[in-house]
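Let me begin by presenting the structure, written as structure tokens, before commenting on it.
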Amino acid sequence: MQSPFANIPPVVKNLLIINIIVFLPSLFYSHGFAGNGDPVAEHFGVYYFDSPLFRPWQVITHMFVHGGWFHIIFNMFALYSFGAIVEYVMTSQRFLAFYFICGLGAIALQMCVQAYEVHAITGQLSLASPELNSSYEAYGNNAQKLYDIYHVDMVGASGAIFGLLIAFGMLYPNAELMIMLIPVPVKAKYIIPVYVLVELSLGVGQFGGDNVAHFAHLGGALLGFILVKAWHLQGPRDFRS
């Protein structure tokens, strides 16, 4: 019987394996939902750079920690579906660099947005004593928002995945995709920009109860676009406009 990983290129294959292995400990904490008493998320998810919980390694490790079944299934399905074909075009070494650069770009933009929010509340980019609850209580109605910026971790490969989606859309613009709730196939060059616009609207809107780091997704998408252009990458002629 042939292995399900047999036809997957090496970088995508190893990323899938590592993400699954890292997710397994989360099954023993909060029924697989990282971030609720899960020490994996606490130590390896990434926090705002001024948070007392921030550690330098988190800018890399957060890409391998996921916030639940839906989170990891969606990201790994996208990595499996689009990653292999993009890796074949880029070559494995360049694809690995692309993946991590998009992930780093994602967290960079997210932290820039957080810094803007902290400055809007406090007039500065950092707090004198962020480890003390009193540092947040002084900001009244904004205390909870400020506390969440400093103490809620960000996890997941979604930033890198968004960069991958952008690369796929640029390399294979005429590839037809089946999208849930849409009964007909839609070309990548149409659906992926719509997806980015939805993320932008959700990020700017900051709707209540939405704990998704939309600007991290946009950061990954932006770096993906820049890298494909900078590296002068092109997909097969049959799929280009």
Side-chain angles (χ1 to χ4, degrees), residues 22 25-26 29-68 70-72 74-75 101-163 195-223:
V22 172
S26 295
Y29 301 98
S30 303
H31 306 291
F33 288 90
N36 295 312
D38 180 357
V40 176
E42 181 179 342
H43 293 289
F44 299 110
V46 66
Y47 295 85
Y48 181 56
F49 71 86
D50 189 47
S51 169
L53 300 173
F54 175 76
R55 301 292 183 271
W57 62 75
Q58 294 169 352
V59 297
I60 297 294
T61 58
H62 82 279
M63 291 185 241
F64 299 97
V65 183
H66 285 83
F70 179 80
H71 195 196
I72 190 170
F74 176 84
N75 279 347
I101 291 171
C102 288
L104 292 172
I107 199 60
L109 182 59
Q110 182 66 27
M111 284 198 180
C112 285
V113 171
Q114 289 179 317
Y116 171 82
E117 292 175 333
V118 170
H119 188 272
I121 295 172
T122 68
Q124 52 195 5
L125 299 179
S126 61
L127 294 175
S129 302
E131 71 280 1
L132 301 177
N133 287 339
S134 57
S135 297
Y136 308 96
E137 294 168 357
Y139 294 98
N141 294 334
N142 290 312
Q144 186 61 53
K145 181 177 182 179
L146 192 60
Y147 183 88
D148 288 344
I149 290 173
Y150 273 77
H151 291 84
V152 175
D153 59 80
M154 291 171 284
V155 297
S158 300
I161 296 299
F162 261 79
Y195 200 6
V196 171
L197 288 175
V198 169
E199 285 294 317
L200 178 61
S201 65
L202 291 174
V204 172
Q206 296 188 341
F207 300 102
D210 183 0
N211 60 354
V212 176
H214 296 289
F215 285 103
H217 298 171
L218 294 171
L222 177 60
L223 263 294

Can any side-chain N or O of [X] pair as donor or acceptor with the backbone N or O of [Y] at less than 3.5 Å?
X: Q110; Y: A216; answer: yes
X: H62; Y: V59; answer: yes
X: S51; Y: L53; answer: yes
X: Y147; Y: N142; answer: no

Original post:
Just how far is it from atom OH of Y136 to atom CD1 of I121, taken to the nearest 0.5 Å?
Top reply: 11.0 Å
Subject >> Interatomic spacing from CD1 in I107 to OH in Y48 - rounded to 0.5 Å >> reply: 12.0 Å
Quick one, [X] and [Y] - any side-chain contact, counting heavy atoms below 4.5 Å?
X: M111; Y: F54; answer: yes
X: P130; Y: H151; answer: no
X: Q114; Y: C112; answer: no
X: D153; Y: E42; answer: no
X: M63; Y: L104; answer: yes

Could you work out, with side-chain hydrogen bond (donor to acceptor under 3.5 Å, both in side chains) as the rule, every residue matching [X], not counting sequence neighbours?
X: Y150; value: D50
X: E199; value: H214, H217
X: D148; value: Q144

**OP:** List for me each residue that meets ring-ring contact (aromatic ring centres under 6.0 Å, His included) alongside Y195, sequence neighbours excluded, and say none if there are none.
**Re:** F162
**OP:** List for me each residue that meets ring-ring contact (aromatic ring centres under 6.0 Å, His included) alongside H43, sequence neighbours excluded, and say none if there are none.
**Re:**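 Scan of H43 (ring-ring contact (aromatic ring centres under 6.0 Å, His included), adjacent residues dropped) gives none.
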Original post:
Yes or no on ring-ring contact (aromatic ring centres under 6.0 Å, His included) for H66 and F74, after CA distance, side-chain angles and deciding distance?
Top reply: CA-CA 10 Å; H66 285 83; F74 176 84; over 10 Å; no
Return the set of residues passing side chain to side chain contact (heavy atoms under 4.5 Å, CB included) with [X] (not counting sequence neighbours), or none when no residue passes.
X: L200; answer: V204, L218
X: A160; answer: Y99
X: H119; answer: L125
X: T122; answer: V118, Q124, L127, Y139, L146

**OP:** Compare every heavy atom of C102 with every heavy atom of G163, then report the nearest pair and how far apart it is.
**Re:** CA-SG, 3.8 Å
